[in-house]
Undergrad: 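Questions regarding the structure given below will be posed in turn.
Residue numbers begin at 1 in each chain, while the letters A, B, ... track the order of the sequences.
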There are 2 protein chains.
Amino acid sequence: MAILERSHLEIIRAVDRYGSLTAAAEKLHLTQSALSHTVRKLEDLLGVTIWRREGRSLHPTQAGEYLLAVANRLLPQLDHAEERLGQFARGERGGLRIGMECHPCYQWLLKIVAPYLTAWPAVDVDVKQKFQFGGIGALFGYEIDMLVTPDPLYKNGLTFEPVFDYEQVLVVGPGHPLRGAPYVKPAQLANETLITYPVALDRLDIYTQFLTPAGIAPKRHKPIETTDIMLQMVASGRGVASLPRWLVEEQAERFEVAAVQLGRHGVAKQIFLGYRETEGQLDYLRAFVEMARANQGSRR
Amino acid sequence: MAILERSHLEIIRAVDRYGSLTAAAEKLHLTQSALSHTVRKLEDLLGVTIWRREGRSLHPTQAGEYLLAVANRLLPQLDHAEERLGQFARGERGGLRIGMECHPCYQWLLKIVAPYLTAWPAVDVDVKQKFQFGGIGALFGYEIDMLVTPDPLYKNGLTFEPVFDYEQVLVVGPGHPLRGAPYVKPAQLANETLITYPVALDRLDIYTQFLTPAGIAPKRHKPIETTDIMLQMVASGRGVASLPRWLVEEQAERFEVAAVQLGRHGVAKQIFLGYRETEGQLDYLRAFVEMARANQGSRR
DNA sequence: GTCTCGCATGAAGTATATTAATCGATGGAT
DNA sequence: ATCCATCGATTAATATACTTCATGCGAGAC
């Protein structure tokens with residue numbers, strides 16, 4: 001009852017990656033014979049065949065596929081743990097892996113990261129945007145250490161703190177009839193082309209908080225990956241978009257765009273930072289939260 | 001760069017749990033000396049002290065706390081993985097990909113799958129119907145694990161077992177002249193519209209075993225995808241079809257259809273289950289065959 | 001002070017992992 | 001069809017790593 005070792009997972013991953021025992025052996029700085037032996041013993045101990053031997057190639061069985069999934073999940077965590085221990089050894093602080101679930105958060109995040117990096121020279125920051133099981137899953141799975149999201153989830157081992165309030169607005173180009181209007185009603189978008197980031201509709205505030213409740217849909221819906229292009233499209237009259245007010249106002253110098261309040265009361269949003277509560281006292285992590293919160297004032 | 005082994009995490013967790021190296025050694029069935037050696041080497045390799053030695057007790061350093069957290073997170077996952085592999089080994093778990101080569105088999109299969117899923121909760125069942133190189137090829141190519149077919153092929157690595165006998169009959173609608181006849185002769189179909197599944201004629205029993213030997217062809221031939229629509233067409237007098245007797249009798253409640261024997265002696269058919277003979281002892285696979293065979297009695 | 005408990009250490013033995021050398025099988029090239 | 005290169009399996013030899021044994025040292029208990 002303690003058969004599976006790290007080296008086994010390492011072998012399984014290498015065989016999958018490099019396609020053969022021989023190639024894997026090369027990469028692992030071992031001989032083909034060594035792997036063959038190890039594999040055979042492992043299969044014996046587990047009582048499971050991991051690969052089907054077909055001619056001169058190996059194909060993972062169901063158990064093999066499962067083991068591969070385990071390897072791909074656990075090995076990165078072990079690697080990360082060692083890296084972190086290396087940082088301990090060198091007296092450094094560590095790496096802060098930040099995950100983001102909202103597109104425009106990126107612009108905001110950049111403003112925080114720059115001063116943070118100078119204040120904490122020993123901390124490396126990494127930003128990730130894609131998660132297999134969602135941002136929360138990435139936090140739990142130790143893929144990231146901090147999550148930037150507009151949708152906090154108060155749950156068992158996680159802590160979320162609001163760090164930034166902003167207003168979500170409609171962005172219109174020059175000469176647009178809504179430009180300068182005190183606010184826009186949902187029905188007024190029924191004939192518009194709406195440009196959004198390419199994500200599910202239920203993750204877009206302009207739908208969930210504005211259009212959908214009113215039962216309105218825009219005439220066309222156009223997904224665009226990047227904020228810059230999105231603003232260019234709006235500036236050239238190809239459609240309207242929805243972004244944070246501060247972002248629009250900041251970019252108004254570069255693009256001919258203007259913000260219009262969504263509905264009579266506007267759409268208020270918050271950005272939250274989430275982290276594992278066991279790490280809440282890590283000073284370099286706390287510091288990031290503090291800096292994010294402090295930065296709020298500078299913009300409003 | 002692959003220092004941390006599972007055993008190390010195991011030690012770290014045990015020391016934390018049982019309070020001392022000596023106690024941990026006992027639980028791990030090792031000597032105290034062995035642990036001491038291992039620990040020292042680990043600390044050297046990582047370049048980190050894991051425990052502060054105070055008097056005769058050990059207190060985890062910051063790195064130690066971190067490692068403990070890693071151990072408590074990863075070890076249960078490894079344990080769980082081994083447990084799951086044990087299920088694979090004992091044939092309790094797996095994925096059963098069932099391929100089907102005959103259309104009406106589907107109705108029959110559904111009756112087997114339902115109880116099977118409750119009896120084998122750890123087995124995932126998947127049903128496929130299209131194969132690039134035929135059902136046999138799919139078995140050999142590991143696209144599927146079990147084939148449901150009326151045409152067994154006794155060959156090298158495959159095993160086929162008959163699990164269900166049935167009679168193929170003609171289906172006629174209400175008011176059809178053949179209704180109630182003791183049997184139908186091929187020539188009597190020369191003026192009929194024959195409705196079949198959209199497959200090659202040589203895979204349709206009514207052709208291979210009834211019409212073709214007599215040199216007869218129906219007036220029209222109409223391919224229909226689904227059994228339900230086929231029965232509706234027959235019930236509304238648009239043509240006749242050919243299906244298993246048990247299926248017709250079962251559906252007689254829903255549709256106004258009746259079965260007529262094909263020819264003086266009827267057309268007898270069997271459904272076979274085929275699988276790779278190397279997997280014949282897999283418990284969950286055997287169980288499926290048994291359940292399929294047992295189900296036979298309930299219907300006839 | 002002495003006794004006990006717990007960890008550390010060095011040398012020795014043993015188990016384990018790795019290698020070298022070789023074989024058989026397979027699939028592609030000629 | 002034949003040949004050749006490649007891959008995995010196997011066996012025996014070897015190297016490595018681990019464990020044990022015997023012992024030492026220090027700290028707290030009595």
Side-chain angles (χ1 to χ4, degrees), chain A residues 1-61 63-64 67-68 82, chain B residues 1-61 63-64 67-68 133 137 140-142 156-157 276 278:
Chain A
M1 251 300 172
I3 301 167
L4 263 185
E5 282 293 329
R6 176 188 191 167
S7 55
H8 296 137
L9 297 182
E10 213 95 53
I11 291 171
I12 285 160
R13 183 173 66 174
V15 169
D16 174 65
R17 260 192 205 162
Y18 306 113
S20 73
L21 265 194
T22 312
E26 181 113 4
K27 297 285 181 179
L28 296 176
H29 308 292
L30 291 172
T31 59
Q32 173 267 324
S33 175
L35 287 208
S36 188
H37 280 290
T38 310
V39 162
R40 163 178 257 290
K41 184 181 292 180
L42 178 61
E43 287 186 329
D44 283 353
L45 283 173
L46 290 176
V48 167
T49 58
I50 301 173
W51 290 285
R52 213 166 355 101
R53 277 75 167 173
E54 270 181 12
R56 52 178 165 185
S57 55
L58 301 178
H59 297 278
T61 61
L67 270 173
L68 181 60
E82 279 189 10
Chain B
M1 254 300 169
I3 303 167
L4 262 186
E5 283 292 333
R6 178 188 190 166
S7 56
H8 296 137
L9 298 181
E10 214 92 56
I11 291 171
I12 286 159
R13 182 173 66 174
V15 170
D16 173 66
R17 253 187 212 170
Y18 306 113
S20 74
L21 267 194
T22 311
E26 180 112 6
K27 296 283 181 181
L28 296 175
H29 307 291
L30 293 171
T31 60
Q32 171 268 322
S33 173
L35 285 208
S36 187
H37 281 288
T38 310
V39 162
R40 163 175 257 290
K41 183 182 290 180
L42 178 63
E43 287 185 327
D44 285 352
L45 283 173
L46 291 175
V48 168
T49 58
I50 300 172
W51 291 282
R52 224 167 332 102
R53 279 72 168 173
E54 279 179 5
R56 54 177 162 181
S57 56
L58 300 178
H59 297 280
T61 63
L67 270 173
L68 182 59
F133 304 109
F140 271 117
Y142 283 81
N156 17 39
R276 291 178 289 276
T278 53

Undergrad: Roughly, in whole Å, what's the span from OH in B/Y18 to P in C/dC7?
TA: 15 Å

Undergrad: Within this structure, what is the CD1-to-P distance between B/I11 and C/dC7, rounded to whole angstrom?
TA: 13 Å

Undergrad: Has A/R52 got its NZ or CZ under 6.0 Å from the middle of the six-membered ring of B/Y142, at an angle within 45 degrees of the ring axis?
TA: yes

Undergrad: Can you measure A/E26 atom CD to D/dC7 atom C1' for me and round it to whole angstrom units?
TA: 13 Å

Undergrad: Identify whether any heavy atom of A/S57 sits under 4.0 Å from a base atom; if not, whether one sits that close to sugar-phosphate; answer base, sugar-phosphate or nothing.
TA: nothing

Undergrad: Any side-chain N or O of A/K41 below 4.0 angstrom from OP1/OP2 of C/dA17?
TA: yes

Undergrad: Nearest whole Å is fine: how far is D/dT20 C1' from B/L28 CG?
TA: 16 Å

Undergrad: Can you measure A/E43 atom CD to D/dA9 atom C1' for me and round it to whole angstrom units?
TA: 12 Å

Undergrad: Polar pairs (N or O, both sides) under 3.5 Å between protein and nucleotides 11-14 of chain D?
TA:
from: D/dT11; atom 1: O4; to: A/H37; atom 2: NE2; distance (Å): 2.8

Undergrad: Measure from the side chain of B/R53, starting at C-beta and using heavy atoms only, and say which of C/dC7, D/dC7, D/dA9 lies closest.
TA: C/dC7

Undergrad: Starting the side chain at C-beta, find the nucleotide from C/dT9, C/dA8, C/dT26 nearest to B/Q32.
TA: C/dA8

Undergrad: Need to verify one output field. Residue with the more 5' nearest nucleotide on DNA chain C, A/L35 or A/E54?
TA: A/L35

Undergrad: Once you round to the nearest 0.5 Å, how far does OG1 of A/T49 lie from CG of A/L42?
TA: 11.0 Å

Undergrad: Rounded at 0.5 Å granularity, tell me how far CD in B/E43 sits from CD1 in B/I50.
TA: 5.0 Å

Undergrad: Please give, in whole Å, the distance from D/dC18 C1' to B/R6 CZ?
TA: 18 Å

Undergrad: Nearest-Å distance, CZ (A/R56) to C1' (D/dC7)?
TA: 6 Å

Undergrad: State whether the number of non-hydrogen atoms from other residues, nucleotides or ligands found under 6.0 Å of A/E26 atom CD is greater than 12.
TA: no

Undergrad: Considering only distance and modelled atom types, tabulate donor-acceptor pairs under 3.5 Å from the side chains of residues 8-22 of chain B, sequence neighbours left out.
TA:
from: B/H8; atom 1: ND1; to: B/I3; atom 2: O; distance (Å): 3.4
from: B/H8; atom 1: ND1; to: B/E5; atom 2: N; distance (Å): 2.9
from: B/E10; atom 1: OE1; to: B/R6; atom 2: NE; distance (Å): 3.3
from: B/E10; atom 1: OE2; to: B/R13; atom 2: NH2; distance (Å): 3.1
from: B/S20; atom 1: OG; to: B/A23; atom 2: N; distance (Å): 3.0

Undergrad: For A/L46 and A/L67: C-alpha separation, side-chain torsions, deciding distance, then whether side-chain contact (heavy atoms from CB on, under 4.5 Å) applies.
TA: CA-CA 11 Å; A/L46 290 176; A/L67 270 173; 4.3 Å; yes

Undergrad: Could you tell me whether B/L30 contacts a base, only the sugar-phosphate backbone, or nothing, with contacts defined as non-hydrogen atoms closer than 4.0 Å?
TA: sugar-phosphate

Undergrad: If the cut-off is 4.0 Å, is A/S36 near the phosphate of D/dG8, judged by side-chain N/O to OP1 or OP2?
TA: no

Undergrad: Which sits closer to the 5' end of DNA chain D, B/T31 or A/L58, going by the nucleotide each is nearest to?
TA: A/L58

Undergrad: What's the shortest heavy-atom distance between B/A25 and B/L35, and which atoms?
TA: N-CD1, 3.6 Å

Undergrad: Hey, is the side chain of B/R40 poking within less than 4.0 Å of OP1 or OP2 on C/dT9, counting only N and O atoms?
TA: yes

Undergrad: Tell me: CG of B/L42 to P of D/dA17, nearest whole Å?
TA: 15 Å

